[in-house]
Amino acid sequence: MSEAVAQAVAERFTRLYGAGPEGVWAAPGRVNLIGEHTDYNDGFVMPFALPHTAVAAVSRRTDGLLRLHSANIGDDAAGAGGVTELRVADLAPETDRGWTAYPAGVVWALREAGHEITGADIHLASTVPAGAGLSSSAALEVVVALALNDLYGLGLRGWQLARLCQRAENVYVGAPVGIMDQTAAACCEAGHALFLDTRDLSQRQIPFDLAAEGMRLLVVDTQVKHAHSEGEYGKRRAGCEKGAALLGVDALRDVPYDGLEAALERLGDDEEVRRLVRHVVTEDERVERVVSLLESGRTREIGPVLTEGHVSLRDDFRISCPELDLVVDTALAEGALGARMTGGGFGGSAIVLARAADVETLTKAVQEAFARAGFTAPRVFEAVPSAGARRLV
Ligand code: ADP
Ligand code: MG
C-alpha cells in the first residue's frame, strides 16, 4: 500500500522537476485520545497516529532555491497551484499567508537553528483531511523536517524535529500551537498511544491495540469549522495564563488534582477562570487515569473517562458545538463505551470508542441524527493506531 503511494508521489515529482527524488517520506495525522487544551498548560496529552499521512518526495539543491508543490492544492487557483519557487536566504516569518508557509517555515527554522540547508525540491501529497482537527499541518511540517534531516544528515531526533516544526508554525506561520501535534507526527508508534509530558517532553509508548480486544475507535469528522474558533482559542489560552498567575504557579500543570478545591476557592468569584482551571486540572488527571487503565489491560474502562473529558470541554472549557455534542450524545445513546470531541473545538472531529459489533449501528445512528438536524453529513472512519514519521523509499 505505502509502496504504491510512494511510487505515485515519486512519479509526480519526476514530472514536476525533471528527475526522480532522492527519497520519499511519510508523516501521519493524529487523533488525541485524551488531554485536550493541556499542552499550553505544560500538562499531559495522549495522541496516536492515524493511517492517513502526508507524503513528501524530496531532493536537495545546492543553489539556494526551495521549490514547493502540493498535489492537494488546485493547479488552477490563482497563484496557489503549480510550483512555488522561493530563495532560502529570503525566508522570513509571517511573510507568507498560504500553504507554502508550512514547508518553508520548516526550512527557515532549520536554518535558524544553524543547519545549512542549501535548497530543495519538494512535492507533497496528503491524505490527512485539512482543518478537521486531525493535524494536517503538523504532518506536512514533520514530513519535510524528516526528509531534510535525512538528506542533509542532520542527525536530529524525533522530539528535536518536533520542536523545530513547532517553532516553524509559531513564528513563521504565526499560529500559536502547542507541541503535541508535531511530537505525535514525529514520534508515534503503531499499536500505541503516546503519553507525552509537554513540560519536559518525556514520552512513553502506551500499548493501545483495540482490535485485539474487540473494540474500535471511530473518528467522526463533522466537517464544520465555526468561524470564531481562533479568537476563542486565544481567549482560553489567556484565561489559563491568568489562572496560573492568580494561583502563583508557572502553569496550571502545577496545580495538583487533590489541591483543586482549594485552588478554586482562591480564585474567588472569577467564574470564567475557575471553569478553565477546573478543566485543565481534571483533564491532566484523566490522562493519567487512561494511562494506568491501558497499562493494566483495562482498555474498555477508558470509555467513561473519555466521556467525562467531553463533559468538561463542553461545560467548563466551553469549546464544543452542537455538531460535536450530537455525535457524542447519539453514540452514547446507541451503546458506545465512550465518546468525546477531540482537537481544538468549535467543529472538527469527535472520537467514539465502541465494541466492534456496534460500529455499523452506531455509524448509521450518527448519520441519521445529522440528517434529522439538518447538519452536513459527517465523515466517519476507523482510526487504527499507526506509525509515526518514517522514510518510505
Ligand atoms: P489542521 O492541522 O487541524 O488540519 P490547520 O489549520 O492547522 O488545520 O492546517 C491546515 C492548513 O495546512 C491548510 O489550510 C493548508 O494551508 C495546510 N495544508 C495541510 N495539508 C496540506 C497539503 N497536503 N497541501 C498543502 N497544504 C496543506
Ligand atoms: Mg494544525
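Counting starts at 1 for both ligands and their atoms, in listed order. All values reported here derive from a predicted model rather than from experimental measurement.
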> What is the closest protein heavy atom to atom 21 (C) of ligand 1, and at what distance does it sit?
Replying inline: L140 CD2, 3.6 Å
>> We want to know whether T282 and R286 form a side-chain donor-acceptor pair, criterion being a heavy-atom distance below 3.5 angstrom.
In response: yes
> If you count the atoms of ligand 1 from 1 in the order shown, which ones are under 4.0 Å from a heavy atom of N72?
Replying inline: 22 (C), 23 (N), 24 (N)
> Taking NZ, NE, NH1 and NH2 as the nitrogens, is one of them in R199 or D197 under 4.0 Å from a carboxylate oxygen of the other?
Replying inline: no
> According to the interplanar angle, ranging from 0 to 90°, do the rings of F370 and F375 count as parallel (below 30°), tilted (30 to 60°) or perpendicular (above 60°)?
Replying inline: perpendicular
> Is any NZ, NE, NH1 or NH2 atom of the basic residue among E94 and R97 found under 4.0 Å from an Asp or Glu carboxylate oxygen of the other?
Replying inline: yes
>> Between D325 and H310, do the side chains contain a donor N or O and an acceptor N or O under 3.5 Å apart?
In response: yes
> Any idea how F317 and H279 line up, ring-wise: parallel (<30°), tilted (30 to 60°), or perpendicular (>60°)?
Replying inline: tilted
> Quick one: nearest non-hydrogen protein atom to atom 17 (C) of ligand 1, plus distance?
Replying inline: Y102 CE1, 3.7 Å
>> Counting only heavy atoms from other residues, nucleotides and ligands, does the tally under 6.0 Å from CZ of R157 exceed 12?
In response: no
> Nearest to atom 26 (N) of ligand 1, what protein heavy atom do you find, and at what distance?
Replying inline: W99 CB, 3.3 Å
>> Can you count the protein N/O/S atoms lying under 2.8 Å from the Mg ion (ligand 2), leaving waters out?
In response: 1
> Which residue holds the protein heavy atom closest to atom 9 (O) of ligand 1, what is that atom called, and what is the gap in Å?
Replying inline: S137 CB, 3.4 Å
> What part of S136, side chain from CB on, backbone N/CA/C/O, both or neither, has a heavy atom under 4.0 Å from ligand 1?
Replying inline: both
> Short list, please: which atoms of ligand 1 are under 4.0 Å from a heavy atom of A130?
Replying inline: 4 (O)
> Taking NZ, NE, NH1 and NH2 as the nitrogens, is one of them in K364 or E360 under 4.0 Å from a carboxylate oxygen of the other?
Replying inline: no
>> Check D150 with R60, please: is the shortest side-chain N to carboxylate O separation under 4.0 Å?
In response: no
>> I'd like to know if R253 and D284 make a salt bridge, using a cut-off of under 4.0 Å between side-chain N and carboxylate O.
In response: no
>> Show the atoms of ligand 1 that are less than 4.0 angstrom away from any heavy atom in S70.
In response: 22 (C), 23 (N), 24 (N), 25 (C)
> Should S135 be listed as contacting ligand 1, given a heavy-atom distance under 4.0 Å as the test?
Replying inline: yes
> Excluding sequence neighbours, so at least two apart, what forms side chain to side chain donor-acceptor pair (under 3.5 Å) with E285?
Replying inline: R289
> How does I73 reach ligand 1, if at all, at less than 4.0 Å between non-hydrogen atoms: by side chain, backbone, both, or neither?
Replying inline: side chain
> Is E213 atom CD crowded by more than 12 heavy atoms from other residues, nucleotides or ligands, each under 6.0 Å away?
Replying inline: yes
> Under 4.0 Å from atom 14 (O) of ligand 1, is there any protein heavy atom?
Replying inline: no
>> List ligand 1 atoms under 4.0 Å from S126, heavy atoms only on the residue side.
In response: 23 (N)
